[in-house]
Protein chains: 2
Amino acid sequence: MPQPSAPRKAPGRPARISREEIIDTARRIVAEGGVKGLTMRRLAAEVGSTPMAIYHHVRDKEELLVLLLDDYAARTLRRSRLPADSRERVVAAAGAVHDALAACPWIVEVLTADDLMSTSALWFVEQIVDGLVECGLPLDRAVHGYRAIWYYTAGEIVVRATAARRRADDDRATYREHVFADLDPAELPRLAQASERWAALTAEDTYEDGLRALVDGLLAGRRG
Amino acid sequence: MPQPSAPRKAPGRPARISREEIIDTARRIVAEGGVKGLTMRRLAAEVGSTPMAIYHHVRDKEELLVLLLDDYAARTLRRSRLPADSRERVVAAAGAVHDALAACPWIVEVLTADDLMSTSALWFVEQIVDGLVECGLPLDRAVHGYRAIWYYTAGEIVVRATAARRRADDDRATYREHVFADLDPAELPRLAQASERWAALTAEDTYEDGLRALVDGLLAGRRG
DNA sequence: ACCTGAACACCGTTCAAGT
DNA sequence: ACCTGAACACCGTTCAAGT
């Protein structure tokens, strides 16, 4: 995020590597080997330089990651035609952000960043807030509504991505089936009842259903 | 989570350290220095042993973390009297899980684990699913509803915890104010309009409001 | 101003051996 | 069965110096 001032006139030694080159290389490394494969040392090597040269263009690894997320958002979150109906516009804008982020598995480690991830996403935030206002919410409630939608969206992505990673990793996922097989129907009747279907139900993509429920609930406004 | 079988009769050398001792020590380290301070080496040192001794009781660091979360859930998620009204029971059960996890800042790194975090939490999951069924949802929709609530809850905790950490860390948080100050009202009118209030609105705890909206929306059931 | 080399202070995990 | 010592293959970051 921190786009640090305009490029100076540079009255010193000419730069061999640029911030852009660093980010491009970092993006390629992450695409190939995931975020775990991105180390300052490897990045330096692939850019044909030394670790310390990187530190001259980027404060530290966390800034690099944020820069990377920003770059990703800028190139995938393209504004598109949204529905005219306000409620549908809220759903579509949130869905667009969701889909862009969900397609990017390494995002999780960085995603947990803050409430707004990138200047490129601001337009979508605007659509959501504006849609809620047009549906009749006061501005303050609309901002709170946007946050609720962001919590829901970020949570869905983080939980699903981690579950997927764990499933691929090893047999830890089977532990859940184990637990569900041993449920005491007297104590946890509903879970026992749903136990065989649980895995299938969990695998279903119900992001949009939940999103619509949330938006409906926000607009019903049964409070304050 | 993996409670690996009952303690064997141990026909070998008597154990000097136990899994319980390891977890107790790990909990203390995390309480003092956060999850970053918990390293296998330090844990070994504080338990009066060597790194490799730990690996004899725990598969790897990730398992240790999951064990730690389980331990935390078991000691803080005590069943309590919930409201008789079904809808209120759903809200209260979700709120109880939320509050327990939110009080535990190190949880984020582990939380992103899976859909059910711990056997101790199952009772709360049961309350939520059952409450939704009693409100008239079919079981499948109730399970999906529980998942939506979990996404929202996990997202709220993760996003808030990370924002708090970042705020404490350094000046990166001020970047947002910077962006909001420079908003173009012609392009992003609502955000510009809300810009001075944004920080205050974001600071407000609206978890329960969003939760109620979500539950209302789920129960309104405007969809097949 | 930009880059290099060498070092600091760590990591998680594995291997081979001891009791 | 449980534990140790030593090593492997790394990390992010800092310091002091070079051009």
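The sequence lines fix the lettering, A, B, ..., with proteins before strands; numbering per chain opens at 1.
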**Q** Who does dC11(D) pair with, Watson-Crick or G-U, both distances under 3.5 Å?
**A** none
**Q** Atom CG of Leu43(A) to atom P of dC11(D): distance rounded to whole Å?
**A** 12 Å
**Q** Take the angle between the ring planes of Trp198(B) and Tyr146(A) and call it parallel below 30°, perpendicular above 60°, tilted in between.
**A** tilted
**Q** Can you check the Ile17(B) CD1 to dA1(D) P distance for me, whole Å?
**A** 17 Å
**Q** Quick one: on DNA chain D, does Gly48(B) or Arg41(A) contact a more 5' nucleotide (nearest heavy atom)?
**A** Gly48(B)
**Q** With the threshold set at 4.0 Å, does a side-chain nitrogen-carboxylate oxygen contact exist between Glu187(B) and Arg79(A)?
**A** yes
**Q** Rounding to an integer number of Å, can you tell me how far Arg19(B) CZ sits from dC2(D) P?
**A** 12 Å
**Q** Expressed as a whole number of angstroms, how long is the span from Arg42(A):CZ to dC11(D):P?
**A** 9 Å
**Q** Side-chain N or O of His56(A) versus OP1/OP2 of dT4(C): is the shortest distance under 4.0 Å?
**A** no
**Q** Look at Thr50(A) and dC3(C) and indicate whether a side-chain polar atom (N or O) is within less than 4.0 Å of OP1 or OP2.
**A** no
**Q** Look at the side-chain N and O atoms of Ser49(B) and state whether any lies under 4.0 Å from the OP1 or OP2 oxygen of dT4(D).
**A** yes
**Q** Specify the separation, in whole Å, of atom CZ of Arg59(B) and atom P of dT14(C).
**A** 11 Å
**Q** Choosing from dC3(C), dT13(D), dG12(C), which nucleotide comes nearest the side chain of Met40(A)?
**A** dT13(D)
**Q** Does the distance from a Lys or Arg side-chain N to an Asp or Glu carboxylate O, for Asp24(A) and Arg28(A), drop under 4.0 Å?
**A** no
**Q** What integer distance in Å separates Lys36(A):NZ from dG12(D):C1'?
**A** 16 Å
**Q** Does the distance from a Lys or Arg side-chain N to an Asp or Glu carboxylate O, for Glu204(B) and Arg197(B), drop under 4.0 Å?
**A** no
**Q** Which of these nucleotides, dC11(D), dC15(C), dC3(C), is closest to any side-chain atom of Met52(B)?
**A** dC15(C)
**Q** Using atom CD of Glu63(B) as one end and atom C1' of dT13(C) as the other, report the distance to the nearest whole Å.
**A** 15 Å
**Q** Could you tell me whether Glu46(A) and Arg41(A) make a salt bridge, using a distance below 4.0 angstrom between a side-chain N and a carboxylate O?
**A** no
**Q** Taking a pair as Watson-Crick or G-U wobble with both distances under 3.5 Å, which nucleotide is matched to dT4(C)?
**A** dA16(D)
**Q** What closest approach, in Å, do Ala192(B) and Leu183(B) show between heavy atoms, and which atom pair accounts for it?
**A** N-CD1, 3.7 Å
**Q** Can you measure Ile54(A) atom CD1 to dT13(D) atom P for me and round it to whole angstrom units?
**A** 12 Å
**Q** Among dT14(D), dT13(D), dG5(D), which nucleotide has an atom closest to any side-chain atom of Lys61(A)?
**A** dT13(D)
**Q** When you check the phosphate oxygens OP1 and OP2 of dA1(D), does a side-chain N or O of His57(B) lie under 4.0 Å from one of them?
**A** no
**Q** Give me the distance, rounded to whole Å, that separates dA9(D) from dC10(C) when you measure between the P atoms they each carry.
**A** 22 Å
**Q** In whole Å, what separates the C1' atom of dA7(D) from that of dC11(C)?
**A** 14 Å
**Q** What nucleotide among dC2(C), dT4(C), dT14(C) has an atom nearest to a side-chain atom of Tyr55(B)?
**A** dT14(C)
